[in-house]
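What follows is a short report on a single structure.
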Amino acid sequence: MAEITGGELLMECLAAQGVEVMFSIPDGTYNIIFQWIHDHGKEKNMRMVTMRHEAAGAHMADGYARVSGKPAVVMSCAGPGAANMISGVITAHVENIPMIAITTSRRTDLVNPNRGGMQVFDQVPAYRAVTKSSIYVTRWENIPDAVADAFRKATSGVPGPVHIDFAEDLMTKMKGDIAKAPPRPKVEPVMPAADPAAVAKAAEMLVNAKTPLLYAGAAVVRGGAWEEFEALAQYLGAACTASAGGRGALPEDHPLCIPTTAGMARAAAGQSDVVFVVGGRFGELDFYGKPPLWGTPQNQKIIQNHIDVSYMGLNRPVDVPLVGHCKIVLAQMLDAVKKLTEKREPIAKLKEYKDLIKLGTDAMLATSAPNQEEPILPGSMMKKTGDFFSKDGIMVMDGGNTSLGNAHINWIKGPRRMLWTSDFGHLGTGTPYAIGAKLAAPDKPVFMITGDSAFFFNVQEMETALRNDLPIICVINVDHAWGMEKNSQERTFGHKDYYVNVVHKPIRHDKIAEAMGCFGAYVTKLSELEPALQAAVDSGLPAIIHVEVDPVANTKPAGLEMWVGAKSAC
């Protein structure tokens with residue numbers, strides 16, 4: 001066989017792992033991979049998406065992985081490209097998203113030792129701090145093992161990004177016979193089971209509980225375990241809720257579900273006598289598992305499942321730890337429960353929870369989303385947009401007050417239908433998340449509700465969406481300010497008569513859309529919103545809908561007081 005370069009071998013190895021999409025900006029250190037995509041991409045079912053900024057590319061890979069459940073690949077050049085990309089990789093690292101982050105470094109004769117070459121810094125240790133593994137590859141024959149190992153590490157245990165750095169001359173000059181270093185078979189993630197004795201003990205606790213509660217962490221959604229979660233809940237008749245990252249594990253309009261943002265009902269359910277935490281760790285947005293939103297250890301027993309033993313009892317004592325993959329552990333638990341009891345009716349407490357849900361929801365909507373024509377209240381915009389796409393849409397959230405309000409206004413109707421950087425809170429993820437989601441689910445509508453401040457972090461990627469024929473719909477909550485910081489300054493300084501460095505110059509976002517060749521609409525009255533959404537969908541183009549909202553109302557989004565109060569109490 002003819003010899004191939006390291007760059008070509010890398011692409012063959014990625015194809016063998018089932019990679020369908022890569023995100024990268026062309027660069028002289030690895031233009032060979034773009035040539036490979038041109039020559040072999042169609043037959044290998046691989047697509048290259050070229051973004052406008054490396055961090056956005058990492059966010060796109062992140063969004064793609066969240067919706068598809070598959071690790072995605074992002075690649076950048078040496079020096080500035082690697083530096084740009086790292087913030088997107090950090091976000092995936094904090095939120096346990098599997099990703100293969102590839103960088104190139106300059107030629108080995110320039111960097112070993114560093115002879116003052118351009119675009120040189122020590123990339124591997126920089127990435128080691130924000131990935132599960134970071135290695136430097138200089139030998140052609142080591143490429144297949146390096147790629148297979150990266151996928152194994154990215155998808156096993158707690159998922160996360162893995163970094164591989166390739167020398168420029170390895171990518172473009174070093175060659176070899178692929179028969180001597182063939183691509184490795186596709187790596188399947190390891191999914192360990194929990195200790196059977198612990199499962200039996202946990203099952204007995206759940207069966208004997210009067211008010212059992214199943215609490216879905218992000219791993220239920222990320223690990224594809226929502227069917228097992230629902231099956232166990234249905235069999236026990238247990239109430240269910242979820243962490244911010246676990247939303248959609250059970251549709252939030254399900255008869256057994258207490259929506260994550262249903263404050264009063266969540267507080268009531270927090271007094272359940274036995275809570276089964278599935279794939280979660282009781283972090284800050286779970287209020288650390290502490291009273292008053294959770295019961296005391298004396299009155300509330302905790303069963304906790306996670307694949308990483310270090311998460312057990314992190315912030316709350318655990319009565320029964322179940323270490324293992326949530327999909328496998330949930331199946332174990334259902335089998336064990338079936339040996340102890342027949343299928344049960346929903347617990348009596350659910351009616352009380354549902355009454356509290358309705359009471360809280362009605363009160364929130366009464367203040368956040370009445371049909372006020374002008375100025376538009378942010379909650380009105382969010383509710384109408386969510387309802388418009390409610391059938392099967394994938395919702396992306398971005399921004400501070402915008403995401404907080406939207407999280408409380410719109411319920412999530414299924415798994416992998418909400419994308420939000422709930423753990424890292426990285427502004428600007430919205431547009432690239434939406435692009436990644438649309439690539440993963442081309443037949444589903446993908447819409448984003450974002451604040452105008454957050455949107456401008458990656459506004460340039462609307463051109464990426466247009467160029468790649470990805471008709472995402474971006475609805476912008478425009479208050480011409482850093483809305484969350486206005487509220488923060490009010491609470492910090494105790495006045496509302498002026499703000500410090502938080503107000504923007506007015507910008508017409510719809511005009512930006514039109515200048516890019518996308519669809520743009522300008523909405524100042526509530527009655528104009530639904531026609532604008534329909535026109536955006538009908539256009540078949542990426543769309544920006546600029547919605548002028550009441551800036552005063554935007555400083556106090558739905559759920560703010562509940563969040564601030566609960567956080568201070570815990």
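Residue numbers start at 1 and run along the sequence shown.
Taking every heavy atom of both residues into account, Ile25 and Arg52 meet most closely at CD1-C, 4.0 Å. The minimum heavy-atom distance linking Ala129 with His93 is given by the pair O-NE2, 4.2 Å. The shortest non-hydrogen separation linking Ala481 to Asp452 is O-OD1, 3.6 Å. Residue Val187 comes nearest to Arg152 through the heavy atom pair CG1-CA, 3.5 Å, listed as atom of the first residue, atom of the second, then distance. The two residues Tyr30 and Met171 have their closest heavy-atom pair at CB-CE, 3.8 Å.
For the residue pair Asn458/Gln460, the side-chain donor-acceptor check at 3.5 Å is satisfied. A donor and an acceptor atom, one from each side chain of Thr103 and Asp165, are located under 3.5 Å apart. Between the side chains of Gln35 and Asp39, at least one donor-acceptor pair of N or O atoms lies under 3.5 Å. In this model, a donor atom of one side chain and an acceptor atom of the other lie less than 3.5 Å apart for Glu95 and Thr421.
Trp36 places a side-chain heavy atom less than 4.5 Å from the side chain of Lys44. For the pair Pro542/Cys518, a side-chain contact is recorded, criterion being any heavy-atom separation below 4.5 Å from C-beta on. At a threshold of 4.5 Å between non-hydrogen side-chain atoms, the residues Thr5 and Lys173 do not count as touching. With contacts defined as side-chain heavy-atom distances shorter than 4.5 Å, the pair Met448/Val475 does not qualify.
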**Message:** Using the rule given for salt bridge (charged side-chain N to carboxylate O under 4.0 Å, His left out), can you reason through Lys175 versus Glu8, listing the C-alpha separation, both sets of side-chain angles and the distance that settles it, and then say yes or no?
**Reply:** CA-CA 9 Å; Lys175 293 184 176 183; Glu8 292 167 310; over 6 Å; no

Dump the intermediate steps for side-chain contact (heavy atoms from CB on, under 4.5 Å) on Met46 and Val19, then the final yes or no. CA-CA 7 Å; Met46 283 185 72; Val19 173; 3.9 Å; yes

Checklist line | Test salt bridge (charged side-chain N to carboxylate O under 4.0 Å, His left out) applied to Glu252 and Lys413, step by step | finding: CA-CA 6 Å; Glu252 291 186 324; Lys413 304 296 180 61; over 6 Å; no

Starting from the C-alpha separation in whole Å, work towards a yes-or-no answer on side-chain contact (heavy atoms from CB on, under 4.5 Å) for Leu170 and Ile143.
CA-CA 10 Å; Leu170 172 60; Ile143 293 174; 4.1 Å; yes

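Aromatic ring centres of His426 and Phe457: separated by at least 6.0 Å.
Between His546 and His480, the ring-plane angle classifies as tilted under the 30° and 60° cut-offs.
Residue pairs meeting the side-chain hydrogen bond (donor to acceptor under 3.5 Å, both in side chains) criterion with at least one partner in residues 75-84, sequence neighbours excluded, are Glu54-Asn84. Sorted by first then second residue, the side-chain hydrogen bond (donor to acceptor under 3.5 Å, both in side chains) pairs that include residues 138-151, not counting sequence neighbours, are Arg139-Glu141, Asp145-Arg184, Asp149-Lys153.
Open room surrounds CG on Asn501; 12 or fewer heavy atoms of other groups in view lie less than 6.0 Å from it. By the neighbour-count criterion of 12 heavy atoms within 6.0 Å, atom NZ of Lys132 is densely surrounded, having more than that number from other residues, nucleotides or ligands. At most 12 heavy atoms of other shown residues, nucleotides or ligands fall within 6.0 angstrom of atom CD in Glu530.
The backbone N or O of Gly430 sits less than 3.5 Å from a side-chain atom of Asp398, completing a donor-acceptor pair. The main-chain N or O of Thr260 is never found under 3.5 Å from a side-chain atom of Arg247 such that the two would form a donor-acceptor pair.
Checked options Gln123, Arg128, His163; the residue passing with Ser134 is His163 (criterion: side-chain hydrogen bond (donor to acceptor under 3.5 Å, both in side chains)).
For the pair Glu20 and Lys70, the salt-bridge criterion is met [side-chain N within less than 4.0 Å of a carboxylate O].
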